[in-house]
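Beneath this line is the structure, given in C-alpha cells, with notes to follow.
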Amino acid sequence: MKKLSISVGLVSTIATLGVLPAAHAQSSAGPSSVIPSSVTIYGLMDAGLVQEGGVSKLTSGVSAGSRLGLRGTESLGNGLHAVFTLEAGVLSDSGRSDQAGQLFGRQAFVGIDSPLGMLTVGRQYNLQSQALTDVADPFEGGLAGAATNLAGYSATRIDNTVRYTSPEWRGVTGTVMYGAGEHTGIAADQRSLGLALGYVNGPLILRLARQSRAGEPGKADVNNTILAGNYNFGVATAFAGYGRNTGDGSSMFFVENPYGAAQAPAQSTDSRDAIVGVSVPLGATTLLASYVRKDDRDAANRDAQQLAIGATYALSKRSKVYVAYAHIRNRNDAAYMVGNATEVGSGNRAFNIGLRHAF
C-alpha cells in the first residue's frame, strides 16, 4: 500500500518557513491545535487463465477482485476519528469497471471511529458473506474452490447501510447493520438487517453471522445464517462452517438453466451448507483443500457437493501465483456451477492459474 500522510501541522510548518505560500497553511489556529489526517492509496490486480465448460479464457479477479481504493482517517480529538473508504472494482483484462460499472462498486462509506466503536454509512459488505469468506473458507471466496459456489447467497455488498461495530472486549466484537430498501412505493422491499458476533483468542477465530432481507411482494423474506470458525495449529489451519438459508433467493440460482435440464431448475428456499477445509503452509507455498455440501430441504432435494484443491506460491510479500481446481456434483437437476471471486462460472468444473499483486 502507498500511504500519503497529509499532516496539516507539517504543511503549516513548511509554510511558516516560506517553502509554501501561506495560503497552503492552516490559517485559523496555531500549530498546537492542528489535527493530522492521512489518506492511503491501495489496490490489488489479479488476472488468470480459467478453463471451464469447455472454454479457456483470460479473466480478471480469479483469486480476489481487482481494485483501486482510497482509505482515509482524520483525528478529531478526544479519541474520535473521521474515516472513509472508496473502493472501485477494476477488470484487469479490459480496464473496465467491475460491479456492473459502478464507480466505487466494491465499497463506499464514511463514518466515525471512537472508543465506543465504529459507525459507518454507505455501501458495505454483507455480514454473512464476510463470515463465510473471511473465516470459514480456506479459498477466501476466490479461485475455483470458492465456498460461495454453493454456500449462502445474499448479495456480497448492500447499499444504503448503517453499520456499527463494537470495541473488542476479551476477544469479542459485535456488529449490527441496517440497510434501507429505498424502493419507491414499497417501503419494506429489500430492507435488510445484519447481525454478527465474533471471537478471537490466539489461533482460534469464531464468528456467528446472520443477514436478513425483506422479500419482494408475495415472497418470503431471505435469511442467511452461518457459524464459521478456523484454528491455526501452526503446521496447518483447519476451517469449518455451517449455514442455514431460507426464503426466495437465499441460495445461488441460475435462471438460464445452464445444464439444459428437461425441467428448469427452481430456487432452493430452504437449505443447509456444510464446509470443511484446510490450508497448509510449506515455506513460500500454501496448499489448499475444501469440501462444501449443499443440502436442499425442499421437496425437489436438489443437493450438490464441491471438492476443491489449490496452491499459492508467494513471490514476495505482495505478489503470488496460484493454481486451483474444483468439481461440483449436482443431484436431481441442481444447477450449481464452479465460479471464482468475480464470476459465477459456466460449468460444474474449472481450472485456474494466475497471478495477483497487492499494492
Side-chain angles (χ1 to χ4, degrees), residues 42-69 87-102 105-107 125 129-130 132-134 136-153 155-157 239 252 254 258 275 277-281 284-292 306-328 336-359:
Y42 66 94
L44 183 149
M45 294 298 285
D46 180 301
L49 177 66
V50 173
Q51 288 186 319
E52 59 183 24
V55 176
S56 297
K57 60 181 181 178
L58 181 66
T59 295
S60 172
V62 179
S63 71
S66 297
R67 69 202 71 169
L68 179 64
E87 190 172 286
V90 180
L91 297 176
S92 60
D93 57 338
S94 66
R96 298 175 181 173
S97 295
D98 203 353
Q99 286 79 49
Q102 288 178 275
R106 291 186 60 86
Q107 296 185 84
Y125 280 104
S129 176
Q130 275 193 309
L132 172 61
T133 58
D134 295 354
D137 185 6
F139 289 88
E140 299 178 339
L143 298 173
T148 49
N149 292 334
L150 295 183
Y153 177 60
T156 303
R157 304 167 185 87
F239 297 80
M252 187 67 76
F254 303 99
I275 307 154
V278 64
S279 67
V280 182
T285 301
T286 300
L287 304 180
L288 307 168
S290 70
Y291 169 79
V292 185
Q306 174 179 282
L307 280 171
I309 56 173
T312 66
Y313 180 82
L315 302 172
S316 69
K317 290 184 177 180
R318 294 183 289 124
S319 300
K320 64 182 177 181
V321 292
Y322 55 77
V323 61
Y325 174 82
H327 177 265
I328 290 178
Y336 297 100
M337 297 189 289
V338 177
N340 52 58
T342 58
E343 295 182 334
V344 297
S346 60
N348 71 332
R349 64 189 68 190
F351 172 79
N352 315 148
I353 185 169
L355 167 70
R356 64 184 275 181
H357 171 74
F359 58 91

Out of curiosity, Tyr125 OH to Gln130 CD, how far, rounded to the nearest 0.5 Å?
7.5 Å
Distance-only, no hydrogens or angles: does the Ser316 side chain make a donor-acceptor pair with backbone N or O of Ser319 under 3.5 Å?
yes
Shortest non-hydrogen separation from Thr342 to Gly61 and the atoms involved:
OG1-O, 3.0 Å
Could you walk me through whether Leu68 and Tyr42 pass side chain to side chain contact (heavy atoms under 4.5 Å, CB included), step by step?
CA-CA 6 Å; Leu68 179 64; Tyr42 66 94; over 6 Å; no
Rounded to the nearest 0.5 Å, how far does CG of Asn348 lie from NE2 of His327?
4.5 Å
Heavy-atom check, side chain of Leu49 versus side chain of Phe351, under 4.5 Å:
no
Mind checking the CG-OG spacing from Leu307 to Ser290? Nearest 0.5 Å is all I need.
8.0 Å
Residues two or more places apart in sequence or in another chain: which of them pass salt bridge (charged side-chain N to carboxylate O under 4.0 Å, His left out) with Arg106?
Glu87
Spacing of OG belonging to Ser66 relative to CG belonging to Leu91, to within rounding of 0.5 Å
7.5 Å
Test of understanding: with side chain to side chain donor-acceptor pair (under 3.5 Å), list the residues that count as partners of Thr133, not counting sequence neighbours.
none
With sequence neighbours left out, write down each residue that passes side chain to side chain contact (heavy atoms under 4.5 Å, CB included) with Val321, or none if nothing qualifies.
Tyr313, Leu315, Leu355
Derivation of the side chain to side chain contact (heavy atoms under 4.5 Å, CB included) call for Val292 and Ile328:
CA-CA 9 Å; Val292 185; Ile328 290 178; over 6 Å; no
Once side chain to side chain donor-acceptor pair (under 3.5 Å) is applied, do any residues pair with Tyr336, and if so which ones, sequence neighbours excluded?
none
Got a second to check how far Gln107's CD is from Arg67's CZ, nearest 0.5 Å?
8.5 Å
Residues two or more places apart in sequence or in another chain: which of them pass side chain to side chain donor-acceptor pair (under 3.5 Å) with Ser97?
none
So how far is it from Arg318 CZ to Phe359 CZ, rounded to the nearest 0.5 Å?
9.5 Å
Applying side chain to side chain contact (heavy atoms under 4.5 Å, CB included), can you list everything that pairs with Leu287, at least two apart in sequence or on another chain?
Val280, Leu282, Thr285, Ala311
Assess the side chains of Ser63 and Asp46: does a donor N or O sit below 3.5 Å from an acceptor N or O?
yes
Quick check: do Arg356 and Met45 have side-chain heavy atoms less than 4.5 Å from each other?
no
With sequence neighbours left out, write down each residue that passes salt bridge (charged side-chain N to carboxylate O under 4.0 Å, His left out) with Glu343, or none if nothing qualifies.
Lys57
Residue set satisfying side chain to side chain contact (heavy atoms under 4.5 Å, CB included) with Ser279, at least two apart, ordered chain then number -> Thr237, Phe239, Thr286, Leu288
Going by the rule side chain to side chain contact (heavy atoms under 4.5 Å, CB included), which residues pair with Ala47 if we only count those two or more places apart in sequence or in a different chain?
Ser92
Note, Gln99 side chain near Arg157 side chain (heavy atom, < 4.5 Å):
yes
At their closest point, which heavy atom of Asp93 faces which heavy atom of Leu58, and how far apart are they?
OD2-O, 3.5 Å
Would a distance-only check, ignoring hydrogens and angles, find a side-chain to backbone donor-acceptor pair under 3.5 Å from Asn352 to Val50?
no
My understanding is that only residues two or more places apart in sequence, or in another chain, count here; which of them pass side chain to side chain donor-acceptor pair (under 3.5 Å) with Ser346?
Glu52
Review item, side-chain donor-acceptor pairs of residues 137-150, under 3.5 Å, at least two apart:
residue : atom : partner : partner atom : Å
Asp137  : OD1  : Phe139  : N            : 2.9
Asp137  : OD2  : Gly141  : N            : 2.9
Asp137  : OD2  : Ala147  : N            : 2.9
Asn149  : OD1  : Gly339  : N            : 3.0
Asn149  : ND2  : Ala144  : O            : 3.0
Asn149  : ND2  : Ala146  : O            : 3.2
Asn149  : ND2  : Gln306  : OE1          : 2.9

